2 protein chains.
Amino acid sequence: MESRCENCIIRQFNSLRAMSKEELKQVSNSKTTKILKKGEPLFEEGDKLNGVYCVRNGVSKLSKLSANGKDQIVKLASKGEVIGQRSVIAQENTNLSAIAVSDMEVCFIPKETITHTLQKNPNFTLEVLRHMAHDLKEADDVIVNISQKTVKQRIAEAILYLKNNFGEDKDGFLALTLSREDISNVVGTATESAIRIISEFKKKGLIHTSGKKIGIKDEKKLQDMVEGF
Amino acid sequence: MESRCENCIIRQFNSLRAMSKEELKQVSNSKTTKILKKGEPLFEEGDKLNGVYCVRNGVSKLSKLSANGKDQIVKLASKGEVIGQRSVIAQENTNLSAIAVSDMEVCFIPKETITHTLQKNPNFTLEVLRHMAHDLKEADDVIVNISQKTVKQRIAEAILYLKNNFGEDKDGFLALTLSREDISNVVGTATESAIRIISEFKKKGLIHTSGKKIGIKDEKKLQDMVEGF
DNA sequence: CTAAAAATATGACATTTATCAGTAGTCTGT
DNA sequence: ACAGACTACTGATAAATGTCATATTTTTAG
């Protein structure tokens, strides 16, 4: 049978840790588990969400389609993160799409369970609030980065971000492999520009690549690049 | 004597409306009122906030300094909005500066009053949460706009935003007058670029200006500009 | 394993935007 | 009312980035 939320380690990393034993039992009884293959959508922009998704494994990109037909990736959500809270809380259709960028395992928690607890357990609400406050700060940082840094700086930053958040595999490549297009959508630039700059980094010996995989060779210089040197 | 929060109309527009009579009384007793002249700071990036500010009148820009020395304006907060909640909730120093862009009147509410209510009144917490969810969505939209629209589109959008949110004066100029530099910092571009594009809009008959004041002449064409025509 | 499809890569060029330099206009405080 | 300071404006130019076209490599499906 399904594993129980009460015992789930993932929970330690998100706002569900503020739930009481009773509440967790309820979550566990109402949740369903879902497996997604790389590339499959969890939901699409504009969908009405009937609950939130707790990521057990894998990574999802949260993106928004712009008028000119390009996706902008606003956040990468991985193990322990809860996706869709914003829409459920604001009682609106979702403003973002969520698509798996690696195989995923997620738990779906119906919104009734969440909203019920939000109204009853102030500790949980406060915990969710803290998480959202954190997300908001990060969003502010993204705004400043995108508008004030060059594409080169942002790509260097993205590469370091991928290392710091998802680590490296045994061969020294970034553990999370994004397509060049996804990278350009994180950074907010044309795919060709991203590719060009990645090639340049490679020529300069800052990184090495193999297919779409990227490995960091000179972290310090990459960091300097971010700072603008 | 000072006016009482219980009677304050402003409250209707922000999360304070979810407070009980008792709680409001406490807020009213602990609050202080502050007058700011245009250009004066409410607080600066990195400050530790001892409470939140409720805007009674005037407008404040919330901005963040980037590495290259330029400010990026992340939000304009006006009547009814509460400033500084994010930092108080996350228990961090503030990541933004708040500077008055017009004369202001604000109420300062000490953080103890807020955090106390956050722990006791789930309705209030939920209301704050909803507001933050809304802010987060807006931040996502800003990210997409900045990275996917041209400077011209963003300036057209900013002008329409100023009209829709702050209205026009009797002579048909935008009621909130921002300096060209502030406009460029909202839009995330160089001041000269903003000026150039504003001149261009003027030549094309989309707007008219007088000193730093801007008035809209052809809203439809401005809107088309935003859409990319 | 192989052919087709998709993704990556690169060059040439157009467009957008930033930077620097300098002038004109507007506001502020005495 | 006036000087000085700030702000708006304009031109010339450089730099960054986007676009289109096309070649090459990698991945995928059968």
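Note that these values count all heavy atoms, side chains included, but never hydrogens, waters or copies made by symmetry. Residue numbers begin at 1 in each chain, while the letters A, B, ... track the order of the sequences. If you're wondering where the values come from, they're calculated on a predicted model, not measured in any experiment.
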Whether E81(B) and K75(B) form a salt bridge (side-chain N of Lys/Arg under 4.0 Å from carboxylate O of Asp/Glu) is what I want to check. yes

Is the side chain of S210(B) donor-acceptor paired with the backbone N or O of K213(B) at a distance under 3.5 Å, no angle test? no

Please determine if R86(A) and E92(A) form a salt bridge, counting it only when a charged side-chain N lies under 4.0 Å from a carboxylate O. yes

Can you tell me how far P of dT19(C) sits from CD of E181(B), to the nearest Å? 13 Å

Is E200(A) paired with K152(A) through a side-chain N to carboxylate O contact shorter than 4.0 Å? yes

Using atom NZ of K152(B) as one end and atom P of dG18(D) as the other, report the distance to the nearest whole Å. 16 Å

Roughly, in whole Å, what's the span from CZ in F201(B) to C1' in dT10(D)? 17 Å

Closest-nucleotide ordering on DNA chain D, the 5'-leading residue of K202(B) and R154(A): K202(B)

Considering only NZ, NE, NH1 and NH2 on the basic side and carboxylate oxygens on the acidic side, decide whether K64(B) and D71(B) come within less than 4.0 Å. no

Under 4.0 angstrom between T191(B) side-chain N/O and dA8(D) OP1 or OP2: no

Under a 4.0 Å threshold between the charged nitrogen and the carboxylate oxygen, would K137(A) count as salt-bridged to D141(A)? no

Does T189(A) place a side-chain N or O at less than 4.0 Å from the phosphate oxygens OP1/OP2 of dG18(D)? yes

Determine, for E105(A) against K34(A), whether the closest basic-nitrogen to carboxylate-oxygen distance falls under 4.0 angstrom. no

Hey, can you pull the residues of residues 143-151 of chain A with a non-hydrogen atom under 4.0 angstrom from DNA chain D? T150(A), V151(A)

D182(B) CG to dC6(D) P, straight-line distance once rounded to whole Å: 16 Å

Between NZ on residue K38(B) and CG on residue D103(B), distance to nearest 0.5 Å: 8.0 Å

Do nucleotides 19-30 of chain D as a string where each nucleotide becomes B, S or -: B if the base has a protein heavy atom under 4.0 Å, S if just the sugar-phosphate does, - if no protein is that close. BB----------

Using atom CZ of R180(B) as one end and atom P of dC6(D) as the other, report the distance to the nearest whole Å. 19 Å

N68(A) has an atom CG; how far is it from atom P of dG18(D), in whole Å? 11 Å

Whole-Å distance between dA16(D) C1' and I195(A) CD1? 18 Å

Send over the distance from Q153(A) CD to dA15(D) C1', rounded to a whole Å. 14 Å

With sequence neighbours left out, what residues match V142(B) under side chain to side chain contact (heavy atoms under 4.5 Å, CB included)? I143(A), I146(B)

